[in-house]
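We name chains A, B, ... by the order of the sequence lines, and we start the count at 1 in each one.
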Amino acid sequence: MSSTPARYNFHETEARWQKVWDERQTFRAVMDRAKPKYYVLEMFPYPSGRIHMGHVRNYTQGDVIARYKRARGFNVLHPMGWDAFGLPAENAAMEKKVHPKKWTYENIATMKVQLKSMGLSLDWSRELATCDPSYYRHQQKMFLDFWNAGLAYRKEAWVNWDPVDNTVLANEQVIEGKGWRTGAAVERRKLTQWNLKITHFADEMLERLDTLKRWPEKVRLMQANWIGKSRGARVFWDLTDASGAAPSKNGRGKLEIFTTRPDTLYGASFMALSPEHPLTAELAADDPGLQRFVAECRKTGTAAAEVETAEKVGYKLPLLARHPLMPGKTVPVYAANFVLMEYGTGAIFGCPGHDERDHEFATKYGLPILPVVAPAGVDTKAFSVADAPFVEDGVIINSDFLNGLGVEDAKARVIARLEEMGVGKGTTQYRLRDWLVSRQRYWGCPIPAIHCEKCGIVPVPVKDLPVKLPDDVTFDRPGNPLDRHPTWKHVDCPKCGGKAQRETDTFDTFIDSSWYFDRFTSPGLETAPFDREENQYWMPVDQYIGGVEHAILHLLYSRFWTRAMREVQMTSRDEPFDGLFTQGMVCHETYKSSDGQWLLPEEVIRDGGKTLRVSDRRPVEVGRSEKMSKSKKNVVDPDQIIRDYGADTARWFMLSDSPPERDLEWTEAGVTGAWRFQQRLFRIASTALEQVPPAGTPKPASFSEAAITLRRAAHKTIAGLSADIEAFHFNKAVARLYELANSIDSVKAAGDDSATWALREALEIFVRLIGPMTPHLAEELWQALGHRSLLADSPWPLPEDALLVDDTVTVAVQLNGKLRGTIALPKDAPKEAAEKAALAHPDLVRGLEGRTPKRVIVVPNRIVNVVV
RNA sequence: GCCCGCUUGAUGGAACUGGUAGACAUAUCGGACUUAAAAUCCGAAGGCCGCGAGGCCGUGCUGGUUCGAGUCCAGCAGCGGGCACCA
């Protein structure tokens with residue numbers, strides 16, 4: 001009768017094994033000092049509603065590593081949680097009239113079911129949500145500790161303000177100068193806000209980047225640029241008012257500037273203050289023209305396009321600055337729109353000869369342009385910088401004691417002189433700014449502080465933690481519901497007992513994600529964020545995996561938080577993540593109907609060479625492949641894929657073809673290809689199982705040629721695949737498995753006992769090797785092979801060294817570097833033998849046309865190159 | 001503007017420290033099975049020339065180093081990413 005093997009029923013199989021792993025708590029992690037630990041972590045998701053393909057890719061990669069390391073004998077920690085605070089929950093509250101808490105927890109429930117359907121080897125007993133008071137109470141406590149240690153402070157600063165939502169926005173929430181949610185032009189506002197002193201660790205965080213050997217070079221570079229270290233000098237200039245009178249009242253006497261080019265001080269022709277500089281503000285008090293100028297500057301957005309096109313404008317102040325190195329010389333002082341208050345001292349000296357911006361400004365206001373650096377070898381008298389500034393290295397001119405020096409030498413000399421004279425000093429300046437963490441938002445962790453009219457700002461006593469978010473809030477109006485809550489913010493001052501008010505701002509949600517990996521080491525612990533011993537055992541994270549979009553924000557903040565914890569003696573660790581891998585995005589073609597509507601992939605059908613809309617059969621415009629996004633509708637739902645093809649297929653496809661750090665193009669053809677392979681594997685295994693000897697059959701004394709060939713293939717695959725997984729070359733690992741499957745499928749073992757034994761061996765190896773990638777199918781076949789233990793609990797196979805090398809090798813024969821043919825030689829054949837065999841190759845002889853070889857190069861086991 | 005990365009068949013991509021370019025997969029084409037289709041199995045395939053044996057060309061472009069270059073060096077182009085009035 002029909003011997004057609006049964007089809008692999010992934011629905012039933014996947015559910016069954018997930019249940020077994022769950023019931024046996026296979027992936028539960030327990031501290032065990034006898035075993036080496038391995039902490040695998042993927043960036044935890046924001047519970048937006050449903051998982052997307054980016055999650056599937058991320059968690060599949062992490063799961064391969066986790067399952068592989070487990071099989072290699074490591075005690076693996078692989079936890080999952082929820083980055084549960086954030087704006088979308090409040091938006092949902094406003095739009096759908098659902099409470100943020102309800103919305104968030106419902107999303108978590110949905111997404112947890114989805115993640116479970118992927119068959120991930122997660123320890124769910126450690127699950128956490130950052131919006132849970134049992135989590136954020138520790139965060140509040142740590143904040144108080146940091147505050148005590150001087151790492152948290154309140155500061156008045158210029159911030160981005162969304163006038164419609166009435167909240168501060170982070171820089172990354174300002175797109176093209178507009179609030180990302182409201183589209184309203186962002187204003188600059190001066191507000192007193194909470195900051196964390198990340199700049200305290202700027203230098204250390206920069207230096208330690210070099211030691212993060214298992215981080216992508218790209219990410220380290222981005223962080224280095226973000227921290228932005230520059231060497232330079234601070235220079236103090238005496239100010240006089242226009243009458244030339246002596247330095248005046250109110251600290252107007254001195255102006256401190258920062259420059260990276262102190263070597264060009266002799267080329268100074270003006271000074272420029274930020275419109276937000278305190279001195280500007282002071283002078284504006286009785287100068288309506290200056291007030292108008294400052295207000296005008298504030299209106300200009302910070303978006304790149306605006307900044308580029310914005311003209312440089314200045315407002316001349318009634319001040320002169322005395323050159324610190326040139327007695328008697330004074331230069332005019334301006335307020336100028338291109339000077340940033342946040343960098344350096346908020347004031348600069350202008351050297352139009354050697355700076356693009358200064359040049360533009362000086363040209364506009366008719367200020368002198370004096371060259372002080374000339375290109376080497378140019379006639380200095382004829383050298384001019386009228387049209388464009390000269391910004392490269394050269395020789396110093398017109399600069400007294402600096403003349404003739406190179407730029408770097410001149411910098412050192414002038415700094416030494418400034419320091420001698422007490423009018424300046426060499427300094428290091430960082431681009432990095434302190435982390436502004438206040439948000440005028442409800443769905444976040446409350447900042448544990450109290451404002452008292454008498455005592456000022458007072459920390460919430462530790463015994464009163466956590467400061468819980470109230471549930472009874474309304475979202476009928478924009479703004480922060482905490483601020484207008486009838487009772488929540490009214491409290492007694494913990495110091496004087498008088499009437500006081502709670503801080504109604506909440507923390508930036510990036511704080512929540514700055515230490516969750518530490519919390520995973522001690523879930524549920526009430527008395528502290530984590531148990532020291534457990535934490536010391538499990539941390540640091542050995543392998544962290546996530547999107548490159550967090551290269552700066554989350555990864556920088558986490559490095560800071562770890563150092564802040566070290567500062568308050570909670571740990572002795574410097575770095576949280578030993579290894580980092582940044583995976584690429586999942587992309588899909590985009591589709592647009594003839595009337596300009598974006599279409600979902602399932603609304604589109606291919607018919608011959610044409611792409612048509614399913615509903616009306618009208619042609620569809622196919623756009624380039626982009627990151628899957630709801631707005632362009634080029635999304636595929638993981639649930640649907642898992643339902644139609646199974647989790648193993650989805651996982652397999654995610655790992656195939658594209659290197660994991662690169663973008664992956666999601667295609668229907670790719671998925672069906674992956675699906676067909678699962679079916680084929682099941683068929684190959686089922687057929688092979690009919691002819692293999694039972695488990696435990698003794699190894700034959702000798703092997704046939706076919707058996708040896710198969711054994712070699714299997715054992716080489718073990719070695720190669722292990723290396724591929726360690727190196728995150730999953731696409732290559734997949735290719736190797738295809739090759740082994742082809743070898744198994746094509747072997748003729750019938751009637752050859754050594755070959756059937758080798759077939760069982762190869763099959764066992766194969767099933768063990770696909771375990772990390774397609775765990776359900778692997779577990780199913782493992783049982784079919786007659787095992788009673790779980791594959792998930794079985795060790796990784798070890799290759800037999802003797803089978804990793806061939807005894808004959810194919811050596812290429814070249815004539816003048818061009819391939820003429822190949823010869824088969826015993827491995828490690830002597831050079832003379834190789835040369836002799838090559839020279840006898842008919843194609844080479846014909847190519848020689850009777851010429852005598854000038855030289856013969858023999859690369860053992862690889863190539864013989866004959867040169868004439 | 002500054003910094004970084006990438007560029008290999010129709011397509012995704014392989015190629016260890018310079019040593020047989022195109023593994024593996026997808027799509028395509030041909031064949032088998034089938035009444036037919038799907039599924040499956042077998043086979044072909046970088047380009048050009050040739051009936052054929054075979055030859056020539058070929059890893060974005062132009063040069064260089066080398067017995068030998070996808071790989072190293074110099075210059076250029078295209079694509080992508082990060083930062084950006086940071087003094």
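The residue E360(A) sits apart from the nucleic acid: no heavy atom pair falls under 4.0 Å. V859(A) comes within 4.0 angstrom of a nucleotide base, judged by non-hydrogen atoms across all strands. Base engagement by T810(A) is indicated by at least one non-hydrogen atom pair under 4.0 Å involving a base atom. Contacts of V339(A) with the nucleic acid, taken as non-hydrogen atoms under 4.0 Å apart, include base atoms. Looking at heavy-atom distances under 4.0 Å, T260(A) makes contact with sugar-phosphate atoms alone, never a base.
Side-chain atoms of K818(A) lie closest to C57(B) of the nucleotides C57(B), A14(B), C24(B). Of the candidate nucleotides A87(B), G54(B), C67(B), A87(B) has the atom nearest to the side chain of I348(A). In the set A87(B), C41(B), G68(B), C41(B) carries the atom at the smallest distance from any side-chain atom of R680(A). Checking A15(B), C86(B), G13(B) against every side-chain atom of P659(A), the shortest atom distance belongs to G13(B). Proximity note for N742(A) (side chain, C-beta onward) versus C16(B), G68(B), A25(B): the nearest is A25(B). When distances run from any side-chain atom of W226(A) to the nucleotides C85(B), C41(B), C83(B), the shortest one goes to C83(B).
In this structure, K312(A) is positioned above the aromatic face of F338(A), its NZ or CZ under 6.0 Å from the six-membered ring centre and within 45° of the axis.
Interface remark: the R676(A) side chain does not form any donor-acceptor pair with the C41(B) base, using a distance-only criterion of under 3.5 Å. Side-chain N/O atoms of K312(A) and base N/O atoms of C85(B) include a donor-acceptor pair closer than 3.5 Å.
Applying the ring-ring contact (aromatic ring centres under 6.0 Å, His included) test between W652(A) and each of Y645(A), Y738(A), W675(A), F730(A) identifies Y738(A) as the sole match.
The heavy-atom pair separating H277(A) from G346(A) by the smallest distance is CD2-O, 3.4 Å.
Rounded to a whole angstrom, the distance from the P atom of G80(B) to that of C67(B) is 41 Å.
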